[in-house]
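Worksheet: one structure, shown below.
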Amino acid sequence: MCGIIGYIGNKAAEPILIKGLKKMEYRGYDSAGLCLANNGKLLTIKRKGEVNELEKAIKNEKIKESKYNIGIAHTRWATHGSPSKINAHPHLDSENKIAIVHNGIIENYDSLKEILKKDKVKLRSETDSEIIAHLISKFYKGNLKEAVKKTVKLIEGSYGLAVIDKQANKIIATRNSSPLVIGVGKNETFVASDPLALMSETKKIIYLKDKQLAEINGKDFVIEDYIGNEVDFEIIELKLEAAQIEKGNYKHFMLKEIFDQPQSLRNLLAGRLKDEEIKLSLNLKNKKWRRIILCACGTSWHSCLIGKHFIEKYTNIPVEVDYASEFRYRNPVVGKNDLFIAVSQSGETADTLAALREANLKGADSLGIVNVVGSTISREVNSGVYLHAGPEIGVASTKAFSSQVLAFLLLSLYLQQEKGEKLDKKTIKEIKRLPQLVEEVLKTNQQIKKIAKKFNSINNFLYLGRGINFPVALEGALKLKEISYIHAEGYPAAEIKHGPIALIDKDLPSLFLATKDELLEKIISNMQEIKARGGKIITIANEKRKELIELSDYVVYVPKTTTELAGIVNSIPLQLLAYHTADLKNLNVDRPRNLAKSVTVE
Ligand code: AGP
């Protein structure tokens, strides 16, 4: 996901822009650039590669910082056009009088390009974004705001956009389906695609809504809709501390976030589990839904597969789990008798947002399970459960996943409670024990690091589980592949005899989730099938069963708990295995190649 930051105020813009870009590096990018404005002049510097490449280039320009107190900057995650200096943002019009930074995708790029072709405009880059600068220039008659409005009305697709011109007296910011916030300072104002970028400057944040436009003059600003009516806005005080977005003594954010989990789970429970009662403030239209649909992407989709077990157990309402990208294009049969639950750590994933909008359009009741407060999805559901897991900086999701699973358990129990049924005391007691259970399983860290050393040069891995442990296997496999680039496949253990067992040999290890539940005996026979064919086995277990030990090359013991909470406890060793495997391969654990922290493009 691209990163946008803009500044206008009484300080030098360049250091603020660079600091903001660095705060957004965790999101993944391949090039960066900035444009500074001073009366009558735009100075643009762009580089392929990391922000510090851009910083070096700025130093070589020997610019007088104080000259520029307005600017925009951008980290690009390539969608149209390869990672390169020319494709980096900001993009300017042909006369270099207007500069833009953009986050999103222009779906009607080809038809808009035709308009420019008629005007004999020569495009410099391969990007779709560049045409925005030329269109604004085409409509520009001295009023930047009006020119931007005319331009965005032509765009089909998503945009988070910040625009400056060489008059150097304002920033125009607007959005559609791509996050953008205004940061309110003293005699200065900021624009960013991620509030974390502004953390060190201001905690007063306004979340722009779709098709709202801000005209920012520095000490003040106006927010209006596209027909020119001023709109009300709410200034939210960010409850973030700098420490939350620093690594501390950890080598990577991902390791910090894995070890954050006892606390992030406590944060989720705070105020929601009191004296055997679940307290969730949800304004759900009705509770007699015919069906509950869970929609998400990636790791969040895995948490939905576990959530299905809980909701069906405690409410007896049928649950469907759907990839958001599939749901949104299927003209889905959904309506007022359905509850649609969107699950998203970032609250900005384009496919999940689009699926939610489709469900809302068709009258379904909607609920969000989201981590980022104020994010687009959290503002477009009827009600929701915030994870309160704190910022998740590592691209590979860990603490958000465990909190999503726990949120599903709380929600399921809440719905059962709302039906007037008594909650199961054992389950409540075990939920209260969960943070210390996670502390317990984190003690396997060094053992798992040793196991990672044995397997970090293999090319393929099978992760196998049954019941709730099947989604855990899927999630463990995703963790491994996305940060160590080892191909790993999660599979229902019983299914291997229907094909995948043909793959088994001494070079294809299998990891089994073999914790105590009603399916353990069956898992042990699946392990025998693998062992008989020479496959190596790593086992996650919670009791010392003789046959299980004999079948395993390595056993990692985790604390015993209920089947439901095993969905969280068992995922922790898999997070650690992926982390150490990638770290031992000296890979960029927090920013794996080709990945972004939040995929706000389709
Ligand atoms: C998980 O490790 C990945 N980073 C990715 O699959 C992620 O879960 C997915 O992109 C969904 O993101 P969201 O939860 O922010 O919607």
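Residues take their numbers from the sequence shown, with the count starting at 1. Because only heavy atoms are used, hydrogens play no part in the values below, and waters and symmetry mates are left out as well, while side chains stay in. Indexing begins at 1, ligand by ligand and atom by atom, following the structure's order.
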For this session: For residues 444-454, pull every pair meeting side chain to side chain donor-acceptor pair (under 3.5 Å), keeping only residues two or more places apart or in separate chains.
Result: Asn445-His580
For this session: Determine, for Asp365 against Lys336, whether the closest basic-nitrogen to carboxylate-oxygen distance falls under 4.0 angstrom.
Result: no
Problem set entry | Partners passing side-chain hydrogen bond (donor to acceptor under 3.5 Å, both in side chains) against Asp590 (at least two apart in sequence or in another chain) | none
For this session: Run through ligand 1 for me and note each protein residue having a heavy atom under 4.0 Å from it, chain first, then residue number.
Result: Cys297, Gly298, Thr299, Ser300, Ser344, Gln345, Ser346, Thr349, Val395, Ala396, Ser397, Leu478, Lys479, Glu482
Exercise. Taking NZ, NE, NH1 and NH2 as the nitrogens, is one of them in Arg591 or Glu50 under 4.0 Å from a carboxylate oxygen of the other?
Worked result: yes
Exercise. Residues in side-chain hydrogen bond (donor to acceptor under 3.5 Å, both in side chains) with Glu489, at least two apart?
Worked result: none
Exercise. Can you tell me if Ser375 and Glu348 form a side-chain donor-acceptor pair at under 3.5 Å?
Worked result: no
